[in-house]
Peer 1: 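Before I ask anything, here is the structure I am working with.
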Amino acid sequence: MTNPQLAHFTQKLQQNGYRVTSSRRAIIETLLASGGHLSADQLVAKVHESAPSVGRMTVYRTLDLLCEMGLLRTVYQGTGAAHYILLEGGHHHHLVCDQCHSVVEFDECALEGLGDTLAERFGFQIAGHLVEFYGMCPACQETSAG
């Protein structure tokens, strides 16, 4: 049985004229297995667990390529290093704690209408969106109140 996300990534690569090499496949499989939210260095380490011959620069170039194609997006969540997230369905949503930097991912999206309005108003062709709300998680609220 094939993974539909893997099939989507490989199809997008092929549609854009890129080969699906064994290295790219290992990188994509690792990204999908982890759900994204990895720094490049974390991804390199995880890829090396299953495919030790994949080079660091191959991982970096593949990340850049997948970002260019709109399949990934970089985010900076207070840790200093870029993390890569999967843009499933063209959107992604987070709650980010300013104190401990924990991230809660959520699926609810009420922004489709806003996207249409903005596209019409500015003549912009919107391909997706990333929303992050910053604040304090329940654990940090409890710590700061006590």
Side-chain angles (χ1 to χ4, degrees), residues 1-51 54-141 144:
M1 186 155 119
T2 183
N3 178 333
Q5 285 182 298
L6 178 61
H8 174 70
F9 272 65
T10 57
Q11 180 183 30
K12 282 288 203 181
L13 282 168
Q14 291 168 337
Q15 287 173 346
N16 286 280
Y18 295 100
R19 289 179 33 238
V20 181
T21 63
S22 59
S23 294
R24 285 182 179 152
R25 185 178 188 89
I27 293 164
I28 293 167
E29 286 175 344
T30 303
L31 268 170
L32 294 174
S34 68
H37 295 94
L38 294 173
S39 70
D41 289 339
Q42 289 170 323
L43 181 60
V44 168
K46 284 190 172 285
V47 168
H48 281 173
E49 291 173 11
S50 62
V54 176
R56 176 178 293 279
M57 289 312 299
T58 300
V59 172
Y60 280 82
R61 283 192 300 268
T62 301
L63 286 170
D64 287 344
L65 176 61
L66 296 175
C67 285
E68 284 176 29
M69 293 173 42
L71 296 168
L72 293 180
R73 173 96 20 116
T74 54
V75 293
Y76 299 87
Q77 297 170 328
T79 60
H83 283 71
Y84 294 84
I85 59 169
L86 303 169
L87 282 181
E88 296 180 54
H91 57 96
H92 204 93
H93 311 97
H94 293 143
L95 299 172
V96 182
C97 180
D98 290 326
Q99 303 294 314
C100 68
H101 306 292
S102 65
V103 177
V104 176
E105 193 172 322
F106 63 96
D107 293 328
E108 294 83 12
C109 183
L111 299 177
E112 297 304 323
L114 177 60
D116 294 341
T117 300
L118 292 171
E120 186 176 320
R121 180 174 172 197
F122 295 103
F124 205 85
Q125 190 173 39
I126 296 175
H129 64 265
L130 168 66
V131 175
E132 292 186 329
F133 293 97
Y134 295 90
M136 199 180 306
C137 71
C140 288
Q141 288 175 53
S144 69

Peer 1: Output the distance between atom CD (Gln15) and atom OG1 (Thr10), rounded to the nearest 0.5 Å.
Peer 2: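 Gln15 atom CD to Thr10 atom OG1 measures 9.5 Å (nearest 0.5 Å).
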
Peer 1: Nearest 0.5 Å, what's the OG1-OH distance between Thr62 and Tyr18?
Peer 2: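 Between atom OG1 of Thr62 and atom OH of Tyr18 there are 11.0 Å.
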
Peer 1: Which residue, Val59, Leu6, Val47, Leu63, forms the side chain to side chain contact (heavy atoms under 4.5 Å, CB included) with Leu31?
Peer 2: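 So the option named by the test is Leu63.
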
Peer 1: Hey, what do you get for CG (Leu43) to CZ (Arg56), rounding to the nearest 0.5 Å?
Peer 2: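 Result: 10.0 Å between the selected atoms.
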
Peer 1: For the pair Arg24 (side chain) and Arg19 (backbone), establish whether a donor and an acceptor sit closer than 3.5 Å, ignoring hydrogens and angles.
Peer 2: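 Yes, Arg24 side chain to Arg19 backbone: donor-acceptor pair under 3.5 Å.
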
Peer 1: Would a distance-only check, ignoring hydrogens and angles, find a side-chain to backbone donor-acceptor pair under 3.5 Å from Asn3 to Gln5?
Peer 2: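 Confirmed, Asn3 side chain pairs with Gln5 backbone.
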
Peer 1: Going by the salt bridge (charged side-chain N to carboxylate O under 4.0 Å, His left out) test, which pairs reach into residues 59-70, not counting sequence neighbours?
Peer 2: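 Qualifying pairs, neighbours excluded: none.
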
Peer 1: Search all heavy atoms of His83 against all heavy atoms of Ser39 and return the closest pair with its distance.
Peer 2: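 Looking at all heavy atoms of both residues, the shortest contact is CD2-N, 3.5 Å.
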
Peer 1: If you count every heavy atom of other residues, nucleotides or ligands that lies below 6.0 Å from Glu120 atom CD, does the total exceed 12?
Peer 2: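 12 or below, so no.
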
Peer 1: Dump the intermediate steps for side chain to side chain contact (heavy atoms under 4.5 Å, CB included) on Asp41 and Tyr60, then the final yes or no.
Peer 2: CA-CA 9 Å; Asp41 289 339; Tyr60 280 82; 2.8 Å; yes

Peer 1: Hey, could you give me the CG/CE distance between Asn16 and Met69, rounded to the nearest 0.5 Å?
Peer 2: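 Nearest 0.5 Å value for the CG-CE distance: 4.5 Å.
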
Peer 1: Grab the two heavy atoms, one from Cys137 and one from Cys97, that are nearest each other, plus how far apart they are.
Peer 2: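 Nearest heavy atoms, Cys137 then Cys97: N-SG, 3.4 Å.
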
Peer 1: Can you spot which of Leu65, Leu66, Leu13 makes a side chain to side chain contact (heavy atoms under 4.5 Å, CB included) with Leu71?
Peer 2: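 Answer after filtering Leu65, Leu66, Leu13: Leu66.
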
Peer 1: Roughly how far, to the nearest 0.5 Å, is OG1 of Thr30 from CZ of Arg25?
Peer 2: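 Going from CZ on Arg25 over to OG1 on Thr30, the span is 11.5 Å.
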
Peer 1: If I take atom CZ from residue Phe133 and atom CG from residue Leu95, how far apart are they, to the nearest 0.5 angstrom?
Peer 2: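 Taking CZ in Phe133 and CG in Leu95, the distance rounds to 7.5 Å.
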
